[in-house]
Structures are given as C-alpha cells and as structure tokens.
There are 2 protein chains.
Amino acid sequence: MNITEVLREHGYKVTPQRLAVYEVIDQNKTHPNAEAIYKELQPRYPSMSLATVYKTMEIFAKIGVVQILQCEEESHRYDFNVSPHAHIRCTICNRVDDVNVDMEALKQQAADETKYKVNGVGVSFTGVCAACQKK
Amino acid sequence: MNITEVLREHGYKVTPQRLAVYEVIDQNKTHPNAEAIYKELQPRYPSMSLATVYKTMEIFAKIGVVQILQCEEESHRYDFNVSPHAHIRCTICNRVDDVNVDMEALKQQAADETKYKVNGVGVSFTGVCAACQKK
DNA sequence: GTAATTGCAAACTGTTTGCATAAAA
DNA sequence: TTTTATGCAAACAGTTTGCAATTAC
C-alpha cells in the first residue's frame, strides 16, 4: 500500500508525522495502542505529540488503512490488517495475536437470528499464551 | 437467585442499596450501563450515588451475579444472564440484544489454533435493529 | 497565499479511590 | 462494638478538542 497516494486520494495532506506513524504500524503484528506507537516514535521524532498519533489513527481508520480493536482492555489497539478477524490477548503479558474465525458465518447467524441488519462483528478472546504458560 | 444469601455467602453485607441495584438488573434484558441503573434508581432512592452503583456492580460481577459486556461503546453494560453468549447493538437506538452463538466452539477453535490456554471470549455485533430499519 | 496540520494544554468521559460518616451484623 | 458500606469529591486513564503557530501544497 502506498500511503502517500491513499492520503492524497482522500484529500489529506502528506506530512512527516503521518508517514512516521504509518511506518510504525505497517506490517506490525503487535497490535500497538496509541501510547505504544507514540513511545516507539519518541527517539526518532521527539517533537511528535500523542494527540497527533490519535488524530492520525482516526484518519487511518476512516480511510481503511487500519482497524481499531477492543481487546477487553482500557485502550484501543490498531491493526494494519483490516480484514475482519478475531484476536486473543494474553492476560499475563498483554500480547495480542490474530485468530482465524469465520466472521462472515457469525454475521450471517446473527442476522438470521435477530433480524438486525448486521454491519460489524468483533471477536476477542483472553487467555494465557504459550510462553507465559511455561513460566 | 436469592441475592441476600449470595451476598452473605461471600462475606458481603446486605444493604438497601445492593438490594435496590439487584432489583433493577434482575431479569433486565436491556443490558443497562452504570448510568442507566443510577438514573432508574434516582426517583426511588434519591440518596444513592453513582459510585455505589459501580462498587456494587464490581461485587456482583465478582460473585457471579452479573457479567460485564463491552459492546464497542465507551461504557460497560451489565447482564444478569451470566452464561456466555453474544450481543448485538443497534447503532441507531443503542439497544443491545442477546445472540445465541456457540461460544465453547469458538474457544476450542482459538485454543487449537493459537496454543493459548483460552479463558474468556467476547462476541459483539453492531447493526441496525428491525425497528430502526423501518424508520 | 490558503487551507490543513501540528503540538500544547485544557477539557471531557467513564470509572476508581480516599475518607469521614453511617449502617450492618 | 467492630467492621463494612455509603456518598461525596477528588483523582485517574484514555481520548478529544480549541487554538495559535507552522507546514503542505
């Protein structure tokens, strides 16, 4: 994905801050929250503010560059993988991993049962990851 | 369920406030949040504080009287139905309904795939309810 | 040059906490 | 009488917002 193009297509300006945030989240499988992104950028971009991270992520979510997860935590996490999939969080070390679940089947099931027009679905597990089980 | 007994069994005192909160949530299918419970109690128990609602719900969750839902909203909602099941929220009117989903099957699937020891699972849909579709 | 973006600080929301008073056991 | 719970206000976390200065285009 060419983030420069995608921003321009949607009428947003291309700024160093936006490119820097994209660099952090692109292909990042750790599902970071705003604070984590901010801290990762601190050494390289000391002037970057947390508010800018939030504003950038809001735009990225709107234009389909990331999806926002709620992992039964206080803060939101961001995922560069925007296709619907489930997540699991380790309650010991707080890592978050992807889980393949047939989200379309779940949506269909919910639609049949409730007569809602179903738009979104979120599936989140909690548990203890393999590494933390060994400890 | 005899809330008086359950509270005593777990070493908690039985207070008018706790009984009043229980009255509001018992068999309540609207999945209220703390604010809604508080407002519902205002007329009858004007001295009841929001902090007491929160403290009470925390105890109720701990002793298995309610479960806490995250419906992709800012606030938590509470459900007297403590068996694992999914929820769907109407993004127009914010009502929340139950959805039957085989949560055990999902947990098993996640366990097989991730090698986590899976403890919890949350499934939440968003959409537009039948009533709001008609409007 | 013009409009959008940044970074700061202040505001805001939902929730939690500390503590003096009140009530349960 | 001892221990716990209440209600208030203040604190708290994560997030959002207003705005003057700055930057993209």
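FYI, side chains are in, hydrogens and waters are out, and symmetry mates aren't considered; it's all heavy atoms of this structure. In what follows, chains carry the letters A, B, and so on, assigned in the order in which the sequence lines appear, proteins first and then strands, with residues in each chain numbered from 1. If you're wondering where the values come from, they're calculated on a predicted model, not measured in any experiment.
Taking the six-membered ring where the residue is Trp, B:F60 and B:Y22 present perpendicular rings, their angle passing 60° and hence far from 30°.
Distances shorter than 4.0 Å separate none of the side-chain N or O atoms of A:R18 from OP1 or OP2 on D:dA24. Between B:S75 and C:dG14, a side-chain N or O to OP1/OP2 separation shorter than 4.0 Å is absent. Residue A:T15 places at least one side-chain N or O closer than 4.0 Å to OP1 or OP2 of C:dT6.
Across the interface with DNA chain C, nearest-nucleotide mapping of B:L50 and A:I59 shows A:I59 to be the residue nearer the 5′ end. Place B:Y78 and A:P16 on DNA chain C by their nearest nucleotides, and A:P16 ends up nearer the 5' end.
Salt bridge annotation for B:K107-B:E104: present, with a cationic side-chain nitrogen under 4.0 angstrom from a carboxylate oxygen. A salt bridge does not link B:R77 with B:D79: none of the charged nitrogens is closer than 4.0 Å to a carboxylate oxygen. Remark: A:R18 does not engage A:E23 in a salt bridge, criterion side-chain N to carboxylate O under 4.0 Å.
Residue B:A51 has its side chain nearest to D:dA9 when only D:dA9, D:dT6, C:dA9 are considered. The listed nucleotides are D:dA5, D:dG7, D:dT15; the one nearest the side chain of B:S49 is D:dG7. Checking C:dG7, D:dT6, D:dT15 against every side-chain atom of A:Y54, the shortest atom distance belongs to D:dT15. Each of C:dT15, D:dT17, C:dA25 was ranked by its minimum atom distance to the side chain of B:A34; first place goes to C:dT15.
Rounded to an integer number of Å, the gap from A:E73 CD to D:dT15 C1' is 15 Å. Put simply, CD on B:E58 is 13 Å from C1' on D:dA5, counting in whole angstrom units. Between B:H76 atom NE2 and D:dA13 atom P there is a gap of 16 Å when expressed in whole angstrom units. Between B:N94 atom CG and C:dG14 atom P there is a gap of 12 Å when expressed in whole angstrom units. The distance between atom CZ of A:R8 and atom P of C:dA4, rounded to the nearest whole Å, is 15 Å. A straight line from CD of B:E74 to C1' of D:dT15 spans 11 Å, rounded to a whole angstrom. If you measure from atom CG of A:L69 to atom P of D:dT15, you get 12 Å, rounded to the nearest angstrom. Here D:dC8 presents its P atom at 11 Å from NZ of B:K55, a figure rounded to the nearest Å.
Among the atoms of the strands shown, only primed sugar atoms or phosphate atoms (P, OP1, OP2) are found under 4.0 Å from some heavy atom of A:Q17.
One cannot find a donor-acceptor pair under 3.5 Å joining the base of C:dA23 and the side-chain atoms of B:K13.
A:I88 CD1 to A:F125 CZ: the interatomic distance, rounded to the nearest 0.5 Å, is 6.5 Å.
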